[in-house]
A.B. asks: 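Got a structure for you, written out below as structure tokens; questions coming shortly.
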Amino acid sequence: SISGTLFGGDSYLTIIDDYSTWPDIPILASRASESDHFTFILDESTPCGHIVNLELVTTCNGDVIDTSQIVLTIQSPAPSISYISNAIDDVAGGDGDGYPEAWEVFTVAVKLFNSAFTNANMVNATISSSDPYITIIDDEADFPDISASSSAESEAPHFMIQADGSTPFLHDAAIDIQWESFCGSG
């Protein structure tokens, strides 16, 4: 009879069932463990890319026949972030009416939504645009961690943009936003 005992784990991975058996295995063949497979629990706070080292000691008729090192790299689910809205502040560099106009310098606070079932940690974003009527002065902003199914606004100083002096009235500028977080980007 072939059996194996699994050793290891850490603060994120707890082994619940460390013992399993296999049917007889012919030479140069492989077999899956029988129905009583190894069982472990992974803590929901396990960071993406976390490495767990395990050791499998295999016995046949009570004699140790192999000791194998097993390395698991945990890939947590990635966040899924999308743009929700923005708020314009032109008090310091414009007329303070909340609308970007020609010659004004304004900040843009952006709100993002995380639709995943996992938190988005260490979030930052970068904006870009090919619009000839705007110049991006500060293209990066940080965000607080965004919980699963929640939203968050960029942290000050937010993004900063200047409108060209020839910007047409009510011009809509196309601005792209790219985000990154620990274990995801988009």
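Being a predicted model, the structure only gives us computed values, none of them experimental. Numbers for residues simply follow the sequence, beginning at 1.
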A.B. asks: Of all heavy-atom pairs between Ala29 and Ile25, which one has the smallest distance, and what is that distance?
C.D. replies: O-CG2, 3.4 Å
A.B. asks: How long is the span from the CD atom in Glu180 to the CD1 atom in Ile81, to the nearest 0.5 Å?
C.D. replies: 10.5 Å
A.B. asks: Can you find a pair of side-chain heavy atoms, one from Val57 and one from Phe7, that are under 4.5 Å apart?
C.D. replies: yes
A.B. asks: Could you go step by step and tell me if Asn53 and Asp10 meet the side chain to side chain contact (heavy atoms under 4.5 Å, CB included) rule?
C.D. replies: CA-CA 9 Å; Asn53 293 298; Asp10 60 19; over 6 Å; no
A.B. asks: Where do Ile136 and Ser129 come nearest, in terms of heavy atoms and distance?
C.D. replies: CD1-N, 3.7 Å
A.B. asks: Could you tell me which non-hydrogen atom of Phe143 sits nearest to which non-hydrogen atom of Ala125, and how far apart they are?
C.D. replies: CE1-CB, 3.6 Å
A.B. asks: Is any side-chain heavy atom of Asp66 closer than 4.5 Å to one of Thr59?
C.D. replies: no
A.B. asks: Side chain to side chain contact (heavy atoms under 4.5 Å, CB included), that's the test. Do Leu13 and Leu54 meet it? Break it down for me.
C.D. replies: CA-CA 10 Å; Leu13 186 138; Leu54 301 171; 4.2 Å; yes
A.B. asks: With clusters defined by side-chain heavy atoms of hydrophobic residues (ILVMFWY) lying less than 4.5 Å apart, directly or transitively, does Leu6 cluster with Val52?
C.D. replies: yes
A.B. asks: Using a 6.0 Å cut-off, check whether atom OH of Tyr19 has over 12 heavy atoms from anything other than its own residue.
C.D. replies: yes
A.B. asks: Spell out, as yes or no, whether a donor-acceptor pair under 3.5 Å connects the side chain of Asn114 to the backbone of Ser80.
C.D. replies: yes
A.B. asks: If you take all heavy atoms of Ala173 and Asp131, which pair is closest and at what distance?
C.D. replies: CA-OD2, 3.3 Å
A.B. asks: Rounded at 0.5 Å granularity, tell me how far OG in Ser68 sits from CD in Glu55.
C.D. replies: 8.5 Å
A.B. asks: Kindly indicate whether the side chain of Ile51, heavy atoms from C-beta on, has any atom under 4.5 Å from the side chain of Leu72.
C.D. replies: no
A.B. asks: Nearest 0.5 Å, please: how far is CH2 in Trp22 from OG in Ser3?
C.D. replies: 7.5 Å
A.B. asks: Using modelled atom types and a 3.5 Å cut-off, is there a donor and acceptor pairing between side-chain atoms of Asn124 and backbone atoms of Ala141?
C.D. replies: no
A.B. asks: When you measure from the side chain of Asp145 to the backbone N and O of Met122, does any donor-acceptor pair fall under 3.5 Å?
C.D. replies: yes
A.B. asks: Any donor-acceptor pair under 3.5 Å linking the side chain of Ser154 with the backbone of Val110?
C.D. replies: yes
A.B. asks: With rounding to the nearest 0.5 angstrom, report the OG to CD1 distance, Ser151 to Ile84.
C.D. replies: 4.5 Å
A.B. asks: Quick one: closest heavy-atom pair of Ile15 and Gly9, and the distance?
C.D. replies: CD1-N, 4.5 Å
A.B. asks: Give me the atom names and distance for the closest heavy-atom approach of Phe38 to Gly4.
C.D. replies: CE2-O, 3.6 Å
A.B. asks: OG of Ser128 to CG of Asp139: how many Å apart, nearest 0.5 Å?
C.D. replies: 8.0 Å
A.B. asks: A side-chain contact here means heavy atoms from C-beta on lying under 4.5 Å apart; do Glu153 and His158 qualify?
C.D. replies: yes
A.B. asks: Do Phe113 and Ser150 come close enough that some side-chain heavy atom pair is under 4.5 Å?
C.D. replies: no
A.B. asks: Could you walk me through whether Ile134 and Ile175 pass side chain to side chain contact (heavy atoms under 4.5 Å, CB included), step by step?
C.D. replies: CA-CA 10 Å; Ile134 64 169; Ile175 298 173; 3.9 Å; yes
A.B. asks: Are Ile127 and Met160 connected, step by step, through hydrophobic side chains (Ile, Leu, Val, Met, Phe, Trp, Tyr) whose heavy atoms are closer than 4.5 Å?
C.D. replies: no
A.B. asks: Identify each donor-acceptor pair in which a side-chain atom of residues 88-108 lies under 3.5 Å from a protein atom, sequence neighbours left out, and give them as a table.
C.D. replies:
unit_1, atom_1, unit_2, atom_2, d
Asp89, OD1, Val91, N, 3.0
Asp90, OD1, Gly96, N, 3.4
Asp90, OD1, Asp97, N, 3.2
Asp90, OD1, Gly98, N, 2.9
Asp95, OD1, Asp97, N, 3.2
Asp97, OD1, Tyr99, N, 2.9
Glu104, OE1, Glu101, N, 3.0
Glu104, OE2, Asp95, N, 2.9

A.B. asks: Ignoring hydrogens and angles, tell me if any N or O in the side chain of Ser33 forms a donor-acceptor pair with the backbone of Thr21 under 3.5 Å.
C.D. replies: no
A.B. asks: Do Asp176 and Thr126 have side chains that approach each other closer than 4.5 Å (heavy atoms only, starting at C-beta)?
C.D. replies: no
A.B. asks: For the residue pair Asp164 and Ser166, confirm or rule out a side-chain donor-acceptor distance under 3.5 Å.
C.D. replies: yes
A.B. asks: Do side-chain atoms of Asn119 reach the backbone of Ala148 as a donor and acceptor pair under 3.5 angstrom?
C.D. replies: yes
A.B. asks: I want to check something: taking the side chain as every heavy atom from C-beta on, are Thr67 and Leu56 in contact at a cut-off of under 4.5 Å?
C.D. replies: no
A.B. asks: Show, in sequence, the C-alpha distance, side-chain angles and deciding distance for Phe159 and Ile177, and conclude whether the side chain to side chain contact (heavy atoms under 4.5 Å, CB included) test is met.
C.D. replies: CA-CA 11 Å; Phe159 301 103; Ile177 185 165; 4.3 Å; yes
A.B. asks: In Å and rounded to the nearest 0.5 Å, what is the CG to CG distance from Asn86 to Leu112?
C.D. replies: 10.5 Å
A.B. asks: Indicate if Tyr83 and Ile161 have the same hydrophobic cluster label, given that clusters are the connected sets of ILVMFWY residues with side-chain heavy-atom separations under 4.5 angstrom.
C.D. replies: yes
A.B. asks: Hydrogens and angles aside, do Asp17 and His37 bring a side-chain donor and acceptor to less than 3.5 Å of each other?
C.D. replies: no
A.B. asks: Evaluate the side-chain proximity of Pro23 to Glu34: yes if any heavy-atom separation is below 4.5 Å, no if none is.
C.D. replies: yes
A.B. asks: Around Phe182, counting heavy atoms of other residues, nucleotides and ligands shown, do more than 12 lie under 6.0 Å from its CZ?
C.D. replies: yes
